[in-house]
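Convention: sequence-line order gives letters A, B, ...; per-chain numbering from 1.
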2 protein chains.
Amino acid sequence: MERARTASPDALRLSAWLPYRLFIVAARIARPLETFYGERFGLSQAAWRILAIIAERTGASASEIGQACALDPFAVSRGIGQLVERGFARRATARSDRRFAAVSITARGRAAFDEIASLGRVIEADLLASLSSAEREVIDGMLRKLEGESARIESAGWRALQERAGR
Amino acid sequence: MERARTASPDALRLSAWLPYRLFIVAARIARPLETFYGERFGLSQAAWRILAIIAERTGASASEIGQACALDPFAVSRGIGQLVERGFARRATARSDRRFAAVSITARGRAAFDEIASLGRVIEADLLASLSSAEREVIDGMLRKLEGESARIESAGWRALQERAGR
DNA sequence: GTCATATACTTGCATATTGCAATTAATTGC
DNA sequence: GCAATTAATTGCAATATGCAAGTATATGAC
């Protein structure tokens with residue numbers, strides 16, 4: 001009688017698989033922050049990201065925002081709607097080309113952003129503090145490479161992966 | 001007349017904020033893989049994660065699974081349901097304590113897992129190949145620290161963050 | 001000029017996903 | 001034996017998401 005089968009040594013183990021590990025860290029961090037801005041300001045994750053973009057670059061268009069925070073046009077439109085509803089942003093049309101929106105942050109929006117960002121900075125500081133100075137030195141470059149490589153993987157799509165998976 | 005306001009130098013910039021950068025990498029990688037197992041096998045992200053867990057540890061209970069892949073009991077139950085529906089897993093009750101489920105992988109489930117995992121391994125290899133050997137050497141330890149620190153941040157909750165945000 | 005085409009964004013609606021209360025089933029403590 | 005606890009599931013309401021269609025503006029052909 002055979003015992004419960006255990007995976008072969010080179011099999012993919014979720015807890016050791018790099019993308020899953022990145023995902024877990026990102027998800028754990030996002031949770032408390034999301035709870036905060038959700039309860040305190042009634043914002044969705046999309047709205048928070050948009051707020052962060054217009055805090056940095058007020059007057060951005062919807063497509064610029066989508067580009068900057070990886071949201072599709074529908075999500076951007078709804079996120080802006082949520083911000084406007086709560087008095088955190090204003091919608092206007094761009095002067096040059098009136099098809100474009102010009103989304104600007106209000107004083108209340110900036111106050112909310114500052115409050116959320118201050119928690120965000122604590123989180124980042126905690127994460128960095130847990131690393132050695134050598135690790136802190138390489139993390140930026142490493143993330144830059146991972147950002148580039150992941151963009152390539154995404155744009156190549158799963159068919160490209162499958163061809164190279166050799167099976 | 002004042003120009004569009006630009007954020008102060010120490011303000012949080014989304015694109016440079018560590019948690020957001022981790023999230024972006026994880027999200028970009030997840031997308032093509034998710035499309036693959038969604039189209040090919042009709043699996044949700046939760047079901048794929050559960051499949052990976054039972055591939056490694058067949059006969060796991062729902063709570064073990066939830067623990068191992070960061071899903072709440074509802075999501076686990078639904079994910080198992082999806083796997084069973086597609087013939088990738090079997091539900092049984094544990095012999096010792098019959099409140100517990102014992103979820104085992106089927107041959108078809110293992111075949112699907114192997115197919116998905118082979119793409120997963122290509123992704124991981126690509127990511128690692130984009131790094132220098134020095135970076136590859138530190139990444140494991142670094143992730144371990146980030147996993148630990150993010151777990152602390154999550155369990156402490158947003159109130160703890162706010163107290164330390166000093167505002 | 002004007003008419004077809006393209007672009008930017010928004011809205012409505014059908015569908016999926018999620019969150020949570022309530023339920024079932026089994027076990028444990030007293 | 002029976003209240004309390006635990007594991008898992010189900011039903012349903014709330015929410016989010018995907019996408020077709022709509023509005024408004026701009027551009028290019030002629």
Side-chain angles (χ1 to χ4, degrees), chain A residues 23 27 30-32 34-39 41-51 53-54 57-86 89-104, chain B residues 23 27 30-32 34-35 37-39 41-51 53-54 57-86 89-104 154:
Chain A
F23 168 82
R31 224 126 35 196
E34 213 169 325
T35 306
F36 174 69
Y37 59 65
E39 289 180 2
F41 302 114
L43 297 180
S44 63
Q45 209 209 60
W48 148 243
R49 285 202 245 164
I50 294 166
L51 185 65
I53 297 301
I54 60 174
R57 223 185 315 155
T58 199
S61 71
S63 37
E64 276 183 277
I65 292 169
Q67 178 67 30
C69 62
L71 293 171
D72 64 57
F74 308 108
V76 173
S77 178
R78 283 164 175 148
I80 294 168
Q82 200 174 69
L83 291 172
V84 170
E85 214 171 63
R86 281 155 186 74
R90 259 186 311 267
R91 258 192 244 257
T93 54
R95 278 206 267 166
S96 52
D97 186 333
R98 308 188 342 136
R99 289 172 301 182
F100 289 82
V103 185
S104 50
Chain B
F23 168 82
R31 224 128 32 196
E34 215 169 323
T35 306
Y37 58 66
E39 288 180 3
F41 302 115
L43 297 179
S44 64
Q45 208 208 60
W48 147 243
R49 286 201 244 165
I50 294 167
L51 185 65
I53 297 301
I54 62 173
R57 221 186 315 155
T58 197
S61 70
S63 37
E64 274 183 278
I65 292 169
Q67 180 67 31
C69 61
L71 292 170
D72 64 58
F74 309 109
V76 173
S77 178
R78 284 166 176 148
I80 294 169
Q82 200 173 71
L83 291 173
V84 171
E85 214 170 64
R86 281 154 185 74
R90 259 185 313 269
R91 259 192 245 257
T93 54
R95 278 205 268 166
S96 53
D97 186 333
R98 308 186 343 132
R99 288 172 303 183
F100 288 81
V103 185
S104 49
E154 185 184 12

From CG of A/Leu43 across to P of D/dA16 the rounded distance in Å is 12 Å
Whole-Å distance between C/dT18 C1' and A/Gln45 CD?
15 Å
Taking atom CD1 of B/Ile53 and atom CD1 of B/Ile80, what is their separation to the nearest 0.5 Å?
11.5 Å
Nearest-angstrom distance from the residue atom CD1 of B/Ile80 to P of D/dA7
14 Å
How far does CG of B/Leu51 sit from SG of B/Cys69, to the nearest 0.5 angstrom?
10.5 Å
Which value, rounded to the nearest 0.5 Å, describes the distance between A/Ile65 atom CD1 and A/Ser77 atom OG?
10.5 Å
On the nucleotide C/dT7, are OP1 or OP2 found under 4.0 Å from the side-chain N or O atoms that A/Ser63 carries?
no
Let me know the distance between CG of B/Asp72 and C1' of D/dT6, rounded to the nearest Å.
17 Å
Begin from the C-alpha positions of B/Gln82 and B/Arg78 and carry the test side-chain hydrogen bond (donor to acceptor under 3.5 Å, both in side chains) through to its verdict.
CA-CA 6 Å; B/Gln82 200 173 71; B/Arg78 284 166 176 148; over 6 Å; no
Can you check the A/Gln82 CD to D/dT17 P distance for me, whole Å?
11 Å
Can you measure from CD1 (B/Ile50) to OG (B/Ser44) and round to the nearest 0.5 angstrom?
7.0 Å
Could you work out which one of D/dA7, D/dG11, D/dC19 sits closest to the side chain of A/Arg78?
D/dC19
Take the protein atom CD of B/Gln67 and the nucleotide atom C1' of D/dA8, then report the distance between them rounded to whole Å.
16 Å
Could you tell me the separation between the CG atom of B/Leu83 and the CD1 atom of B/Ile54, rounded to the nearest 0.5 Å?
5.5 Å
Point-to-point distance, once rounded to the nearest 0.5 Å, from CD of B/Glu34 to CH2 of B/Trp48:
11.5 Å
For DNA chain C, determine which residues of residues 91-100 of chain A have any heavy atom closer than 4.0 angstrom to one of its atoms, and list them numerically.
A/Arg91, A/Arg99, A/Phe100
From the set C/dT10, D/dA7, D/dT9, return the single nucleotide nearest to any side-chain atom of B/Ser77.
D/dT9
Whole angstrom value for the distance that separates P of C/dT10 from CG of A/Leu71
13 Å
Any side-chain N or O of B/Ser61 less than 4.0 Å from the OP1 or OP2 oxygen of D/dA8?
yes
Would you kindly give the CZ-to-P distance between A/Phe74 and C/dA8, to the nearest whole Å?
14 Å
